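Beneath this line is the structure, given in structure tokens, with notes to follow.
If you read the sequence from its start, that first residue is 1, and numbering goes on from there. Order of listing sets the numbers, starting from 1, for every ligand and every atom in it. Keep in mind that what you see is a predicted model, and the values were worked out from it rather than measured. Atoms considered below: every heavy atom in the structure, side chains included; atoms not considered: hydrogens, waters and symmetry mates.
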Amino acid sequence: MEFLFGERKGSWILVSNGNSSPNNLARITETIAEAALRSRRSQGDVTVIAVSKTRTVKEIKAVLAAGITNLGENRIQELKEKWSEIGKTATWHLIGSLQTNKVKQALEMADLIHSLDRPALADELDRVAGLRGKPCQVLVQVNVSNENSKHGVSVNGLRALLEHVSQKEWVRVQGLMTMAPFSDEPETARPYFRTLRELAEQTRTLALPNVEMRHLSMGMSGDFAVAVEEGATLVRIGTAIFGDRQ
Ligand SMILES: *Cc1c(COP(=O)(O)O)cnc(C)c1O
């Protein structure tokens, strides 16, 4: 997936033109750099996904101008509206749950789908990707905290799902995604992030075809520093970049 996160990665750390977004970005970059240093990781291994749900195209264009290259949306309809104006100038991440009847649209727009969580969705992704003649890149979402309100395969169900997906011709698993339980205290997220990293390590030892563990998508505005310390390669940040959502 180098083509997604390649040469422009990190370029925005040098940009600051006095608007609030670039200032936010500069602060986030610094926080990521410090967290990476603490965990002896390279800052360049962490990509910021600006979560642009509820934001206007104008707001999004401002962060693109500041050097952001990756955008995350959680609903297909909203992704479509923004995609029609911004299109391939950004790399798009679908971070919300995906219904099987929206897979075709998802694959037309999203470069990486973070929310594969069930065999039926893998089957449909495989079918539609096959029609397109183009492999699809996905992360498996894991409900580490086991909350009813959260999507994702259970920790206990992960292996069976990965084995199922690994037999698909057109689906390429690139890693895992999780959301920590809501909390004002970032440290409460750490055990969930650590578990996700351990699950990725265990998965690597299985050496399943079509299953790579290059990415851990974890960490949001409140807890991305902890996520980076625990190995996140993709952090999904909304409010810390754009301000509070209405
Ligand atoms: C909204 C959202 C985010 C970003 O949340 P913030 O707290 O605004 O940073 C990250 N991941 C997912 C899946 C989301 O839906």
Side-chain angles (χ1 to χ4, degrees), residues 12 20-32 35 46-56 59-60 62-63 66 68-83 90-99 102 106 109-118 121 137-153 174-190 192-193 195-196 215-246:
W12 51 268
S20 64
S21 290
N23 285 343
N24 291 349
L25 291 178
R27 209 173 314 122
I28 289 164
T29 304
E30 208 174 289
T31 303
I32 289 173
V46 183
T47 297
V48 173
I49 299 171
V51 176
S52 51
K53 63 187 182 199
T54 79
R55 314 299 174 173
T56 63
E59 288 174 286
I60 298 168
V63 300
I68 280 278
T69 55
N70 288 263
L71 297 173
E73 287 284 341
N74 63 349
R75 292 173 51 238
I76 289 289
Q77 186 53 39
E78 204 178 330
L79 170 56
K80 210 165 148 183
E81 286 157 21
K82 284 144 186 195
W83 204 90
T91 297
W92 292 92
H93 300 256
L94 183 67
I95 61 176
S97 63
L98 177 58
Q99 295 168 267
K102 301 214 168 122
M109 299 181 286
D111 300 286
L112 182 64
I113 292 169
H114 291 226
S115 50
L116 174 57
D117 60 355
R118 58 198 191 277
L121 181 56
Q137 318 283 329
V138 302
L139 305 179
V140 172
Q141 181 173 355
V142 187
N143 186 356
V144 179
S145 60
N146 212 15
E147 292 168 284
N148 283 331
S149 59
K150 286 207 160 61
H151 291 276
V153 65
Q174 300 289 329
L176 304 177
M177 179 273 220
T178 200
M179 288 175 85
F182 179 80
S183 168
D184 288 334
E185 168 51 53
E187 280 300 324
T188 58
R190 190 181 297 279
Y192 303 98
F193 295 155
T195 298
L196 197 72
H215 285 297
L216 290 176
S217 168
M218 57 190 195
M220 316 195 335
S221 292
D223 53 22
F224 68 89
V226 173
V228 169
E229 287 173 4
E230 294 298 331
T233 63
L234 300 169
V235 290
R236 310 179 306 266
I237 303 181
T239 51
I241 294 175
F242 294 99
D244 284 336
R245 273 185 299 276
Q246 295 307 312

Just to be sure I read this right, does ligand 1 sit under 4.0 Å from the backbone of H114, its side chain, both, or neither, counting only heavy atoms? neither
I need the N146 CG to Y192 OH distance, nearest 0.5 Å. 9.5 Å
Ligand-residue contact atoms, ligand 1 with R236, heavy atoms, under 4.0 Å: 4 (C), 9 (O), 10 (C), 11 (N), 12 (C), 13 (C)
What residue and heavy atom of the protein are closest to atom 5 (O) of ligand 1, and at what distance? M220 CE, 3.6 Å
Would you call K82 and E73 a salt bridge, taking side-chain N to carboxylate O under 4.0 Å as the test? yes
Atom 12 (C) of ligand 1 sits nearest the protein heavy atom I95 CD1, 3.5 Å
To the nearest 0.5 Å, atom CZ of R55 lies from atom CD of E78 at 10.0 Å
Under 4.0 Å between a side-chain nitrogen and a carboxylate oxygen: does that hold for R27 and E30? no
Who's the nearest protein heavy-atom neighbour of atom 1 (C) of ligand 1, and how far? K53 NZ, 1.5 Å
Out of all atoms in ligand 1, which are within 4.0 Å of some heavy atom of N74? Include the element for each. 15 (O)
E81 side, atom CD; T56 side, atom OG1 - distance, nearest 0.5 Å: 12.0 Å
I'd like to check which ligand 1 atoms, numbered from 1 as shown, lie under 4.0 Å from a non-hydrogen atom of I237. 9 (O)
Check whether more than 12 heavy atoms from other residues, nucleotides or ligands sit under 6.0 Å from atom NZ of K150, and answer yes or no. yes
Which heavy atom of the protein is the closest neighbour of atom 6 (P) of ligand 1, given with residue, atom name and distance? S221 OG, 3.5 Å
Flag A240 as yes when one of its N or O atoms lies below 3.5 Å from any N or O atom of ligand 1, and as no otherwise. no
Using a 4.0 Å cut-off to any heavy atom of M179, which atoms of ligand 1 qualify? 13 (C)
Nearest 0.5 Å, what's the OG-CD1 distance between S221 and I237? 6.0 Å
